[in-house]
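Below, read A as the first sequence line, B as the second, and so on, with proteins coming before strands; counting in each chain starts at 1.
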Amino acid sequence: MISVQNLKKSFGELEVLKDISVEVNPQEVVVVIGPSGSGKSTFLRCLNLMESITDGQVLIEGKDLTDKQTNINEIRTEVGMVFQQFNLFPHKTVLDNITLAMTVVRKWNKREAEEKALKLLEKVGLKEKAQVYPDSLSGGQKQRVAIARALGMEPKIMLFDEPTSALDPEMVGEVLEVMKQLAKEGMTMVVVTHEMGFAREVGDRVIFMDEGYIVEENEPEEIFGNPQNERTKAFLSKVL
Amino acid sequence: MMNIWENIRWDIIVDYLPFFLKGALVTIGMSLAGVLFGLALGLLIGIGKMSPIAIARLPFIWYVNFFRGTPLFVQILLIHFGLMPIFMTPVNPIASGVVALSLNSAAYIAEIFRAGIKSIDKGQAEAAHSLGMNKLQVMWYVVLPQAFKRMVPPLGNEFIVLLKDSSLAAVIAAPELLYWGRAAQGEYYRVWEPYLTVALIYLILTLTLTYLLNYLERRLDTE
């Protein structure tokens, strides 16, 4: 579903991703962990071209993101993204946050979009907040709305960029719960996170990144129980 | 000190009041036209100044440099006696005033637009792009509505400055408010009556504008 081959990414002189190759299969939950500055967020942002690709290839359902002929906006409707800072639109109500792209990009009519949006809000437990503005929500609620907004486009893949890192500790659980539910329903997910519990419990596969490389890649039990690489061991001993 | 109230010649004010009111209308009209053209032109120049291509930014940068860096008075004279005769004879001074005010305010408004758009967090555009919106949709639905809210106070300031600066058009004989003040002074050789009346009318206009802008700001705030 996602195929990354020899991906390289530089910001000016600084090479952030050095040589990344990885495959993500349908319905798989891949969790990316690693120290800050390891390039894991940049890697994720290359998957929907939030960052331009310096070298290598990224295929989303067979479509090459580096090909000039590829319509990136069309691919982005299939690849939802959730950000660390939520990035809800503060000038729109919760409901309008969700329906905006549905009506503008998908061209669904407003009533249809609102019905779908309300169902999604129900799913993330925030139906009663449909008419309020994001400012009045807690961090956990904002992130759940952001997830609902991404799901509104009915994407086939969801990317999560440290979705709980900006949250107060007591709100982390409610967001992870929604993500777990999503994984259970068979959504293909790539999750960059520091939540090792989530990685272990929900991840089908864990990727450990360091200094722009994938250092180790395995099932969660193996990565956490029996890490092979010294750097993985060193990192895990610090965070576990 | 003599008693100012006993020495005021009210008859001058009464005599000229219809002209002052007519002039105030011209002032309002010129300012309004200047603001509207300035807004449209300023948006384009602001967008041009944000072009990712350095050479494409250059003309817009120099437009702003010129119109912000030289006195409006000089610009009015250049436009009225230099530029406008190319397009019309005889030159209508009101038209010259509107052109000068529009071109001048566009430079300031361009900067206000640019600052407003730049002030919106990058994450907003990213989130919109991640949902598949194209650049125009991101601008129109996400960035501009938020930027506009932040642009209201500085735009309001610019409108007030513009309204007052329109008085400079009196020197090219555009029949606006100050023009009639000068006419009254010339006829009666009196200073206080015409100019204080004119000042008072300007004050009423700017205070009304301030009130309207505050109202608009509050309306946008409670949203």
With a 4.5 angstrom heavy-atom cut-off, which part of A/Val82 approaches chain B: side chain, backbone, both or neither? neither
Tell me the closest heavy-atom pair linking A/Ala101 and B/Leu131, and the distance in Å. CB-CB, 3.7 Å
Starting at CD1 of A/Ile72, measure out to NE2 of B/His129 and round the result to the nearest 0.5 Å. 11.0 Å
B/Ile55, CD1 atom: more than 12 neighbouring heavy atoms under 6.0 Å: no
Looking at A/Leu88, A/Leu159, A/Ile75, A/Asn48, which makes the most heavy-atom pairs under 4.5 Å with chain B? A/Leu88
Quick one: are B/Pro145 and A/Phe89 in side-chain contact, heavy atoms under 4.5 Å? no
Counting only heavy atoms not in B/Tyr211, do more than 12 fall under 6.0 Å of its OH? no
Counting only heavy atoms not in A/Lys8, do more than 12 sit closer than 6.0 Å to its NZ atom? yes
On a heavy-atom basis, which atom in A/Val104 and which in B/Gln137 lie closest, and how many Å separate them? CG1-NE2, 3.3 Å
Should we say atom OH of B/Tyr141 is surrounded by more than 12 heavy atoms from elsewhere, each under 6.0 Å from it? no
Identify the heavy atoms of B/Met133 and A/Val105 that sit nearest to each other, and give their distance. CG-CG2, 3.6 Å
Inspect the surroundings of CD in A/Glu74 and state if more than 12 heavy atoms from other residues, nucleotides or ligands are less than 6.0 Å away. no
Greater than 12 external heavy atoms within 6.0 Å of B/Phe37's CZ: no
Of the backbone (N, CA, C, O) and the side chain (C-beta and beyond), which part of B/Glu126 lies under 4.5 Å from a heavy atom of chain A, both, or neither? both
Is there a side-chain contact between B/Val142 and A/Leu100 in this structure, where contact means two heavy atoms from C-beta onward sitting under 4.5 Å apart? yes
Region of A/Arg106 that comes under 4.5 Å of a non-hydrogen atom in chain B: neither
Would one find more than 12 heavy atoms of other residues, nucleotides or ligands at under 6.0 Å from atom NZ of A/Lys180? yes
Within the 4.5 Å heavy-atom criterion, are A/Gln85 and B/Asp121 side-chain neighbours or not? no
B/Ser130 and side-chain contact (heavy atoms from CB on, under 4.5 Å): which single residue from A/Met50, A/Arg149, A/Met153 fits? A/Met50
